[in-house]
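The structure under discussion appears below in the form of structure tokens.
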Amino acid sequence: MSKHDFQNAARGGCDASRRAFVSNLARGLLGVTAGGMIGGRIGAQTLGQPLLTLAPRHEPAQQVIYLFLRGGMSHLDTLDPKPGAATQGPTEAIRTRADGVQLSQHFPLLADQMDKACIISSMTSTQGAHQQAQYMMRTSYEKRGTIQHASLGAWHNRIVDRQNSTLPGHVIVGGAADMPSAGFFPPQYAALPIGSAESGLQNSRRPRGVTERRFQDRLERLAKMNQTFSDNHPQREVKAYGEMYADAVRLMRSNDLAAFDIAEEPEAMRQAYGADEDFGAGCLLARRLVEHGVRFVEVVSNGWDTHADNFDRIADLTPAIDRGLAALLADLEGRGLLRQTLVVLASEFGRTPDIDQDQGRNHYPKAFSCLLAGGGVRGGPRFGKTDKEGREVIENDVTIPDFNATIAYGLGIPLDRQIVSDSGRPFTVADKGYPVTELFG
Amino acid sequence: MRRFPLIVLSCLALTPAILTAQTQDPQGNKPRAEKPAPAKKGIDFRTQVLPILQKNCIECHQAAHVDENGKRRRPKGRVELDSVAGINKSKRGKVVVAGKPALSKLITAASLPADDEDRMPPAKFGPPLSKKDLQTLTKWVEQGANYGTWQSIRDDAEGKKGDKKGKKDGKGEAEKPKDKSKKSGDELEELAAGLSQPDADLLASLAKAHAQANPITVDSPLLRVTFYGHESEVGDANLRALLPAREHIVELVLARTQVTDAGLKTLLQMPRLRHLDLRQTDIGDRGAQTLAALGELRTLNLFGTQVGDSGLRALAACNALERIAAWQTRVTPEAVDALRAQRPDTHITLAPSMPAAAAASDAPARNRSRRRR
């Protein structure tokens with residue numbers, strides 16, 4: 001290893017010389033080589049961070065419907081009941097179509113579809129505060145002051161191209177504006193927010209009196225006015241802003257705009273989903289969007305932070321989830337879309353097995369449950385186990401980065417693909433998460 | 001990156017150990033090492049690896065026990081390194097993956113840069129493992145993670161030696177995780193064998209025909225073609241326009257397009273076509289009969305088409321067909337049953353069991369969108 005290599009690398013020389021430098025250094029110190037770098041790419045800035053390389057799946061899932069229950073869903077009262085345990089409280093358990101898998105009594109409709117889904121009962125985390133836990137759920141990284149990480153949806157759209165150039169690749173229904181979406185990625189990867197599924201996409205039609213011709217005229221005039229500015233300021237942000245406008249116009253002109261309008265669905269379908277409620281309507285909208293090739297659709301449900309009156313509130317909240325998710329799984333399967341659509345049901349942490357004096361349960365990240373279905377996930381038996389009272393994970397712990405790595409793996413996103421932020425730091429889709437590849441058949 | 005701080009340069013030394021464990025040195029096997037690495041001799045767990053673990057790891061990573069102060073101690077991070085069984089069960093078997101240091105958390109965690117907060121041992125505990133120690137561990141995993149006669153530290157302390165019967169991992173080999181992904185990746189590689197990446201001109205011609213062509217997995221030369229967003233303008237001619245890329249197309253999504261039964265004949269010229277999506281097109285039995293010649297087709301989505309029983313019967317000739325979706329078609333349950341009898345391995349879906357509509361309820365109006373922190 002020569003001084004020349006050292007200096008060359010220090011000067012930030014080209015990739016090839018960096019490769020040579022690493023190779024020589026390695027040979028010198030450890031007697032091993034740096035040959036066979038991942039796919040021929042070094043990602044040289046990573047230096048020392050181990051990169052996980054796995055062979056890609058045969059048929060990766062193409063779309064994601066990510067159902068997020070915000071607030072910390074009590075696992076014992078939903079996906080991981082412990083009948084007979086003192087910690088179970090009044091919630092009872094019911095059998096499901098999947099042998100040996102029980103759900104809480106609040107999920108009779110989902111119980112019928114459990115042959116398509118896999119519950120991960122062994123989720124575990126150290127993040128017990130909402131903001132931090134939700135942030136990690138979305139991005140796999142800890143919330144920091146120095147950078148906004150990119151969410152899974154942004155990663156998906158960045159690594160895998162859109163299927164439908166006229167529709168956005170990333171949509172969030174009823175979701176939080178304070179959670180990172182594109183993060184440090186260019187803003188085109190941010191999710192399009194839909195406030196309410198029933199109202200659909202607002203402001204997507206030309207105002208009355210403005211013909212297509214007039215609209216086009218206006219756009220051209222605007223482009224002329226902006227031309228000088230864009231020429232003088234060729235920064236990425238300026239370009240991105242322009243692209244967002246172009247995207248919006250494409251959307252307005254899209255033949256697929258109707259995908260956002262759930263009123264087009266027959267009444268029987270609306271009732272099956274429970275589309276009179278936000279969540280059911282969101283699930284129905286999600287199905288329509290993936291039918292039209294939207295890659296990543298999130299639907300958010302609020303209100304799960306049941307510090308008080310846990311049991312009453314769970315009874316109130318769960319029917320919409322039960323119906324929406326059950327309808328979604330059945331409908332996707334009927335349309336032949338379940339195999340290519342990964343359906344996720346997640347929350348940021350669980351709730352305490354011990355019931356407090358307000359009949360409530362409090363934040364509990366040590367053990368909680370999430371659910372995966374579709375996308376080639378093998379439905380049926382649970383993955384991972386908690387103990388008899390639902391306090392500790394006793395088998396196959398899955399951290400939040402592991403969970404996101406599993407989703408990324410399911411989508412064919414390479415876990416070792418690095419994207420470097422403006423400050424020169426590399427990030428991967430699931431940080432150091434390790435996917436549960438066993439879930440995929 | 002303009003400059004490499006020197007301290008970072010020295011961390012480079014650690015990277016190759018993780019990244020290259022399985023790959024060959026293209027220039028031969030002789031390492032240009034300053035210290036003569038015992039490349040050919042097998043690493044002995046008990047005398048070479050165990051001391052490293054005992055010095056750096058065991059204090060935090062031993063099975064749950066009660067310490068001398070009477071306090072109950074649990075293995076940190078749920079990782080137990082003081083027994084073969086403990087190592088195999090921790091982190092879903094990923095702590096030590098025999099033969100693969102790059103996938104073994106023991107190695108990857110110890111290889112992190114000194115200032116990485118997930119580095120093992122943690123900074124407050126002490127300095128990172130020495131290069132020699134890390135090399136020993138890496139080589140041990142590379143050579144198959146053989147524990148020899150060692151079972152656990154507890155056994156050693158109690159003077160028990162020799163093989164324990166019963167568990168397979170008593171033999172000293174770390175459990176190999178069921179790497180299903182390898183098999184799937186191999187199938188894809190087989191299909192892509194000999195294919196070069198589609199060039200820019202080819203992709204441009206596809207785009208002109210309103211086709212969106214994406215690689216089936218990242219970096220694959222195999223293509224998945226969709227027509228989303230342009231369905232009303234896409235018909236049989238667009239199918240013909242795909243022919244220059246016929247060797248690359250593995251999946252074709254024609255949902256809601258204007259293709260006809262006759263147009264499907266074009267597909268017979270695509271030797272790698274495995275997945276076909278004809279949702280809500282006007283395809284009927286004649287089209288299905290054309291498709292019957294696709295002997296390698298794996299999945300077929302006929303949702304919302306005009307295919308009926310005679311079309312379904314014709315599709316029985318597709319020997320490789322694994323999944324058919326036939327909801328909202330003219331296919332009857334009897335025809336599906338007949339096909340299932342003929343082809344028990346083919347998964348056919350007719351109408352799904354959608355949840356029945358809720359009874360008019362007297363349940364209280366629920367609180368929507370109540371944001372909680």
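What you are looking at is a predicted structure, and each value in this text was computed from that prediction instead of being measured. Protein chains get the first letters and strands the later ones, always in sequence-line order, with residue 1 at the start of each.
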(message) Under a 3.5 Å cutoff, is there a donor and acceptor pairing between the side chains of B:Q328 and A:R335?
(response) no
(message) Shorter than 4.5 Å, heavy atoms on both sides: which option in A:L337, A:I413, A:V398, A:L109 has the most such pairs with chain B?
(response) A:L337
(request) Answer yes or no: is there an ion pair linking B:E251 with A:R339, defined by an N-O contact shorter than 4.0 Å? (result) no
(message) Let's go through A:R417 and B:D219 carefully: what are the C-alpha distance in whole Å and the side-chain angles of both, what is the deciding distance for salt bridge (charged side-chain N to carboxylate O under 4.0 Å, His left out) to 0.1 Å, and is it a yes or a no?
(response) CA-CA 12 Å; A:R417 176 65 57 90; B:D219 293 335; 3.8 Å; yes
(message) Walk me through whether A:V436 and B:R92 qualify under side chain to side chain contact (heavy atoms under 4.5 Å, CB included).
(response) CA-CA 9 Å; A:V436 186; B:R92 290 185 273 121; 3.4 Å; yes
(request) Against chain B, label A:D397 side chain, backbone, both or neither, depending on which of its atoms sit under 4.5 Å from a heavy atom there. (result) both
(request) Mind checking ring-ring contact (aromatic ring centres under 6.0 Å, His included) for B:H275 and listing every partner two or more places apart, or none if nothing turns up? (result) none
(request) Sort B:H210 into side chain, backbone, both or neither according to what part of it lies under 4.5 angstrom from a heavy atom of chain A. (result) neither
(request) Find out whether B:T299 and A:Q340 are in side-chain contact, i.e. whether some heavy atom of one side chain is under 4.5 Å from a heavy atom of the other. (result) no
(request) Heavy-atom pairs under 4.5 Å with chain B are the metric here; pick the option from A:E333, A:R162, A:R323, A:E395 that has the most. (result) A:R323
(request) With a 4.5 angstrom heavy-atom cut-off, could you sort out which part of B:F303 is near chain A: side chain, backbone, both or neither? (result) side chain
(request) Please flag which part of A:S122 lies under 4.5 Å from any non-hydrogen atom of chain B: side chain, backbone, both or neither. (result) neither
(message) Heavy-atom cut-off 4.5 Å, strictly under: side chain, backbone, both or neither for B:R119 against chain A?
(response) neither
(message) Do A:Y434 and B:T108 have side chains that approach each other closer than 4.5 Å (heavy atoms only, starting at C-beta)?
(response) no
(request) Using a cut-off of under 4.5 Å on heavy-atom pairs, state which of B:K105, B:Q280, B:R224, B:K89 scores highest against chain A. (result) B:R224
(request) Check whether A:P435 gets within reach of chain B through its side chain, its backbone, both or neither, counting any heavy atom under 4.5 Å. (result) backbone
(request) Go through A:G334, A:G384, A:A259 and name the one with the most non-hydrogen pairs under 4.5 angstrom from chain B. (result) A:G334
(request) Quick one: which of B:K91, B:M354, B:Q212 has the most heavy-atom pairs under 4.5 Å with chain A, could you say? (result) B:M354
(request) Under 4.5 Å heavy-atom distance to chain B, tell me which part of A:E267 shows up: side chain, backbone, both or neither. (result) neither
(request) Identify which part of A:R250 has an atom lying under 4.5 Å from any heavy atom of chain B, answering side chain, backbone, both or neither. (result) neither
(message) I'd like to know if the side chain of B:T226 and the backbone of A:Q163 have a donor-acceptor N/O pair within less than 3.5 Å.
(response) yes
(request) Can you tell which part of A:Q113 gets under 4.5 Å to a heavy atom of chain B, answering side chain, backbone, both or neither? (result) side chain
(request) Flag the one option from B:E231, B:R298, B:H230 with the top tally of heavy-atom pairs under 4.5 Å to chain A. (result) B:E231
(request) Decide yes or no on side chain to side chain contact (heavy atoms under 4.5 Å, CB included) for B:W327 and A:D331, but give the supporting numbers first. (result) CA-CA 10 Å; B:W327 189 22; A:D331 199 9; 3.3 Å; yes
(request) Below 4.5 Å from any heavy atom of chain A, which atoms of B:R256 appear? Answer side chain, backbone, both or neither. (result) side chain
(request) Decide side chain to side chain contact (heavy atoms under 4.5 Å, CB included) for B:N214 and A:Q62; before the verdict, give the C-alpha distance in whole Å, the side-chain angles of both, and the deciding distance to 0.1 Å. (result) CA-CA 11 Å; B:N214 294 330; A:Q62 300 293 332; over 6 Å; no
(request) Check whether any side-chain heavy atom of B:I216 sits under 4.5 Å from a side-chain heavy atom of A:E59, and report yes or no. (result) no
(request) Could you pull out all residues at least two apart from B:D277 that satisfy side chain to side chain donor-acceptor pair (under 3.5 Å)? (result) B:R279
(request) Apply side chain to side chain contact (heavy atoms under 4.5 Å, CB included) to A:L338 and B:R323, showing your working. (result) CA-CA 11 Å; A:L338 190 59; B:R323 289 198 303 275; over 6 Å; no
(request) Tell me, for A:Y273 versus chain B, whether the close heavy atoms (under 4.5 Å) come from the side chain, the backbone, both or neither. (result) side chain
(message) I'd like to verify something: which residue of A:T166, A:V160, A:D256, A:T124 has the highest number of heavy-atom pairs under 4.5 Å with chain B?
(response) A:D256
(message) Please classify the contact of B:A356 with chain A as side chain, backbone, both or neither, using a heavy-atom distance under 4.5 Å.
(response) backbone
(message) For a quick test of reading the model, state the closest non-hydrogen atom pair linking A:G336 to B:A325 and the distance between them.
(response) CA-CB, 3.8 Å
